Amino acid sequence: MKRYLMSGNEAIARGAYEAGIQVCSAYPGTPSTEILENLPQYRDVLYSEWAPNEKVAAEMAYGASIAGARSLCAMKHVGLNVAADPIFSAAYNGVGGAYIVVTADDPSMHSSQNEQDNRHYARAAKIAMVEPSDSQECLDFVKAACWISEEFDIPVLFRTTTRISHSKSPVVLGEREEVSLRPFQRKTGKYVAIPANAARNHPKLEENLRRLEAYGNTCSLNRMEIHGSRIGVIAASTAYQYAREAFPADTSFLKLGLTNPLPMDLIRRFAGMVEELYVIEELDDFMEQQIRAAGIACKGKEQTGKLYELNPQLLRQRIFGEEPGGCAPEEPVPSRPPALCPGCPHRGFFYTMAQHPDLLVSGDIGCYTLGASEPLNAMDSALCMGGGFTVAMGMAKALEFSGSPHRKVFGVLGDSTFFHSGMTGAAEILYNQGQVVPVILDNSITGMTGHQDNPGTGRTLQGDMAAKISIEKVLEAYGYEKILVVDPQDLSAMGQAVEEAADSTVPTAIVARRPCLLIPGRKIQKSLCQVDPQVCIGCRKCGKAGCPAISFRDKKAQIDPAQCVGCTVCAQICPVHAISKEDCE
Amino acid sequence: MNTKSALLVGVGGQGTILASRIFTQGLLDAGWDVKMSEVHGMAQRGGSVSTQVRWGRQVFSPLIGPGAADLVLAFEKMEAVRYQEYLAPDGIAVVSSLEIPSAPISAGLCPYPSGCLDGLRRHHRCIEVKAGEIAQSLGNRKCMNVVLLGAMAEALDMGAMDWETAIRNTVPSRFLELNLAAFQAGRAAVRGEAV
């Protein structure tokens, strides 16, 4: 049988296709993004879309489920915080067609603001949870999850981690199962979440969970691998793979795929077969706590810890006391933090804000969070998607009381984030009259996650033309009286806009607009900035823009021609005009 | 064969992921079980990036910790040293001579550690490959990643395997000849070093 090398995300997409899923929605977020990116190839039988945010994705997919289709929504771990509201009530209502919610967690925070463990959501929301441990299981478990969802009338949380979503392993493909839509029927008592209905639906949900636990004790998603009676390990997800490699060959495993509710009878039986029982899991003691609470003695978190990713070597070290391997570098290696790309349109804005230390900057989640890093160092906070405007609002109100010399707070977020959850914040600023300037850094794409379309780009996930929502018209409709649209790469114009907004006495917003250079298919006029070493006085002011193409040798600035795109931000900064631009072919 | 492990490390945007894809596809075509782990997202914006590739009869973990890699392929010199602790005691480093200053270096906060490979050499076999120059001589600097891939295959004694199919199936056809030449040039560079 032909084996294809697929990432977990690619395999989930394939699984959605094979499982007969018809409707999928998501907001991009590392490490979940590629699931939806791999779905448009099936557009003849499966509709897929980018939603403005995760809550919209979850609700939209749930609507499809009620209407009888199998559906899936996907998000990164923090996206589930945004989407939690509909999912908790969907658990009470139950489903029509299968309803799958994919959450991709990010232990070690490779590309996230925290490493929250979303397994807790399955318990808190009282929904089923499956956890694949490699790409083949990613594919197979989507099918299993669809069956579970429909059989037990319950949403299924499909939980991956970075190493599941972004690891590639061989996958054998199957055929699509064509599932006809369940005929839609009005079921007011089931689908209308009002108190009386919810009160009737909650006991049904508890009963469904009991049936599901009984199923978990015998289903093939949970399996024993008996190799000896000395040590037993209970594990799921990628932690199973780490433990499989770290523990001795005579270790027995209870490998769990259905992890909420936990199959406690099966766990008790397994515990009785081994002398010493370990629970190996990344992040929190989600399983261990429940297993201990059931009166089953086990070890785990005390040794493995709750922080960051695990790996086989770390497990051997922490459980068996093996010495850590490898020779660390003799001298410390200079760090290499990520930075705004050469020519990034955000640079001009943050450079400008760095020149205004009297203005506070409340940032947000996206490429532009890099405006916080040295040498720009032009951000005072970044919390969550959409928080740029609203955290700014709280800061501004507090500063009004403190009599602080700060003039205004600039709330900063990107175009995609504006549609995600910035619009409500823009309303808050106006409605409650905050001394806040909302700034939208519109690079015309969802950048950090790898260039996905959004309601402002005029194109959909499936590649069709779409309505292009104008950010300034939205702001205008809200009642912003001054909307300064400016090219952030023009430092003089950018500086003027910031000054004008800071001093403005009427509600004022800034749209700093220039498309990201990395948007695929975008033609850029490549040009090059060069330093005249005779003119350069070595003042290093150009270095304050934090451009990776600029370095200093022999007290003179130099620009790496391989990296420079000729944005001229450095040339505009240079006080002695030592930097000039030349067009290239 | 025990499970083998390699790390491909470099700077975001250097093409480490494409090289890893060719490598893993070649391993899969040769019948091995393969797992490969990438990191996407924020780190790609010019930050330090690493990809792990593991292969053998049956591979469990997609990830290894320090002291477990048979080979580290570094697309940049300083990155080789950053990840050197991943090498097993008999692990080999294959390193591009390319130096790319990071932000603190460009800002003048510290110098580029030009002699940084000396420390690595005291503990491990270290093969330096002038991948940039080799790629340039073939007419396109962008094929540097495939030059390094060839060097890695040779250093692992796997140079003679069928990599052509994997390259053919991974790179755009107009760059096929260039990349095939780049792969062989990388192999040759290592053979030259080994003499």
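As the structure is a prediction and not an experimental result, all values here were calculated from the model. Residue numbers start from 1 in every chain, and the chains themselves are labelled A, B, ... in the order their sequence lines are given, proteins ahead of strands.
Contact annotation for A:Pro31: neither backbone nor side-chain heavy atoms come within less than 4.5 Å of a heavy atom of chain B. Of the two parts of B:Leu109, neither the backbone nor the side chain holds a non-hydrogen atom closer than 4.5 Å to a non-hydrogen atom of chain A. Neither the backbone nor the side chain of A:Pro375 comes within less than 4.5 Å of any heavy atom of chain B. For A:Leu518, the part lying near chain B is the side chain, with the backbone staying farther off; criterion is any non-hydrogen pair under 4.5 Å. For A:Asp560, no part lies near chain B; criterion is any non-hydrogen pair under 4.5 Å. For chain B, the nearby parts of A:Cys327 are the backbone and the side chain; heavy atoms of each come within less than 4.5 Å.
With chain A as the partner, the residue from B:Gly91, B:Cys110, B:Pro113, B:Pro66 showing the most heavy-atom pairs under 4.5 Å is B:Pro66. Across B:Lys35, B:Arg82, B:Arg122, the residue that shares the most heavy-atom pairs under 4.5 angstrom with chain A is B:Arg82.
The neighbour count for A:Glu331 CD, taken as heavy atoms of other residues, nucleotides or ligands under 6.0 Å away, does not exceed 12. More than 12 heavy atoms of other residues, nucleotides or ligands shown are found within 6.0 angstrom of NZ on A:Lys556. Enclosure of atom CZ in A:Arg553 is not indicated, since only 12 or fewer non-hydrogen atoms of other residues, nucleotides or ligands lie within 6.0 angstrom.
Between B:Ser37 and A:Ser167, the side chains place a donor N or O and an acceptor N or O closer than 3.5 Å (distance only, hydrogens not considered).
Judged purely by atom type and a 3.5 angstrom limit, A:Arg3 uses its side chain to pair as donor or acceptor with the backbone of B:Leu28. In terms of modelled atom types and a separation under 3.5 Å, the side chain of B:Ser102 and the main chain of A:Ser335 share a donor-acceptor contact. At least one donor-acceptor pair closer than 3.5 Å links the side chain of A:Arg336 to the backbone N or O of B:Ile100. Not one N or O on the side chain of A:Arg244 forms a donor-acceptor pair closer than 3.5 Å with the backbone of B:Val59.
With rounding to the nearest 0.5 angstrom, the OG atom of A:Ser7 is 7.5 Å from the CD atom of B:Glu38.
Residues from residues 163-182 of chain B never place a non-hydrogen atom less than 4.5 Å from a non-hydrogen atom of chain A.
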